[in-house]
2 protein chains.
Amino acid sequence: MILSPARRLAATRAVLLPEHKPGGTRGMVLEAALKLFAERGYAGASIREIADAVGMRGASLYAHYPSKEHILAELCRIGHEEHRRSIQRALLECGADPRDQVVAYVHAHVAMHAQFTMLAVVANGELHALSSELGATTFALRNQSIQTLEDIVQRGVDHGVFHVAHVWLAAAAIGAMGMRVAYWYTPEFDLSSRQVAEVYAEFALRLLGAAAPARKETS
Amino acid sequence: MILSPARRLAATRAVLLPEHKPGGTRGMVLEAALKLFAERGYAGASIREIADAVGMRGASLYAHYPSKEHILAELCRIGHEEHRRSIQRALLECGADPRDQVVAYVHAHVAMHAQFTMLAVVANGELHALSSELGATTFALRNQSIQTLEDIVQRGVDHGVFHVAHVWLAAAAIGAMGMRVAYWYTPEFDLSSRQVAEVYAEFALRLLGAAAPARKETS
DNA sequence: GTCTATATGAAGATAGAC
DNA sequence: GTCTATCTTCATATAGAC
């Protein structure tokens, strides 16, 4: 599989769930901005292009958002909230075994990056364009999610079920392989987002030097 | 370790080897552009800012490059040439064992992303801003490097030393974890770029379901 | 090769009519 | 809420003097 290097990401549709999306025109503006920011980057997309995509004039956007940066801030916040929410939910549903927790985390992490490719590309890749004021919520969510993975790996090492000398590096590697999924995944890919998530969870366990999770042995 | 989300990458210095860098003012322009493109993105950095960093006026840049896009094209080409060169060299120095080859590849891949962080961030992350004309050489190099890793993994599976059901996914995951290194590595990190490369090579072998490379057993 | 001056257009954002 | 018209600044790039 060779990706087109001319495109920043393979996906062509901006996906925002109803729960992410404000109602009415504001939601359409947000979705149009998501697609443009994902494809061209925040700095490479203009207010007028966003407005065009919604079928209005640039000036009309300011009835919905006070600035371009506020649109980016909302997208980044939604992306990181969805990420954190799905991870927290997955962790609540699994037991205390660090292997189960890594599987749950990577499942949620990868599935999110495959299902919401554009949201992930923008929320991860355009963070640097956010001022500390408008990005505060997002930055906090991001740090929490990163710390959670590191904690899981550290606990697995402490319990003797993971075998890595450098916990932070392992967490960084696992996080990285999931993040990249957003750039190549499309619904037309051979495997579903869930299947990709399962393969990557197995990769993560292997990387950590773990055997199959305990749940497999006890069932 | 918590990264500052306000910065696109942790490194603060643009590194270009003498062999990458054109002589004279052209080289200074290229290096200044590298730093700005890495930190703000291609679209987010202006000709005037690049010129300022070199201590000249924007108009003077056009004595060295015909357009902003030509500067990006040269940076992307240099980055992918360095990447490909280091991988090819590493592969020539190792044997025919797919395990050795994965170690050689990941060593080179990760070391390059740690030593030339800004070059990697720009060459990977700003490719989408290149027209197909100016990006042709870079696109070809990139596809070659990706294909090489996939070939190594496939061969290892065929030889029975790797055990993965989805070769492309494994190659994508290994490539991804290395690419991300460019965003967090700095010379102040606890480990040297070589040490990080070695840890990641071990991660890759584990991910592939391989034992330690053959060379370890025969020495 | 670098400068000043400038062409030309596009950027983000606002004012005020409807 | 959306429009037209506009402000102001900045963008890439060129012309031509030195």
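Below, chains carry the letters A, B, ... as their sequence lines are ordered, and counting in each starts from 1.
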Got a salt bridge between [X] and [Y], using NZ or NE/NH1/NH2 to carboxylate O under 4.0 Å?
X	Y	answer
R26(A)	E74(A)	yes
K35(A)	E39(A)	yes
E81(B)	R84(B)	no

For the pair made of [atom1] in [X] and [atom2] in [N], what is the distance, rounded to whole Å?
X	N	atom1	atom2	answer
L36(B)	dT12(D)	CG	P	11 Å
H70(B)	dT14(D)	NE2	P	11 Å
I71(B)	dA11(D)	CD1	P	14 Å
R26(A)	dT2(D)	CZ	P	13 Å
D52(A)	dA11(C)	CG	C1'	14 Å
R57(A)	dA11(C)	CZ	C1'	16 Å
L134(A)	dG12(C)	CG	C1'	15 Å
E49(A)	dA10(C)	CD	C1'	10 Å

Going 5' to 3' through nucleotides 13-18 of chain C and flagging B where a protein heavy-atom sits under 4.0 Å of the base, S where only the sugar-phosphate is that close, and - otherwise, we get BBB---
With ring pair (Phe, Tyr, Trp, His ring centres under 6.0 Å) as the rule and sequence neighbours excluded, what pairs involving residues 39-82 of chain B come up? F37(B)-Y42(B)
With a 3.5 Å cut-off and no angle check, do the side chains of N143(A) and Q147(A) form a donor-acceptor pair? no
So, is S46(B) near the phosphate of dA11(D), with a side-chain N or O under 4.0 Å from OP1 or OP2? yes
Please state whether the phosphate of dG1(C), meaning OP1 or OP2, lies under 4.0 angstrom from any side-chain nitrogen or oxygen of S60(B). no
Applying a 4.0 Å non-hydrogen cut-off, can you work out what A51(A) is touching in the nucleic acid: base, sugar-phosphate, or nothing? nothing
Using a 4.0 Å heavy-atom cut-off, does A43(A) contact any base of the nucleic acid, only the sugar-phosphate backbone, or nothing at all? nothing
Is the count of non-hydrogen atoms from other residues, nucleotides or ligands lying under 6.0 Å from R13(B) atom CZ greater than 12? no
Determine the minimum heavy-atom distance between S86(B) and M112(B), stating which atoms define it. OG-CB, 4.5 Å
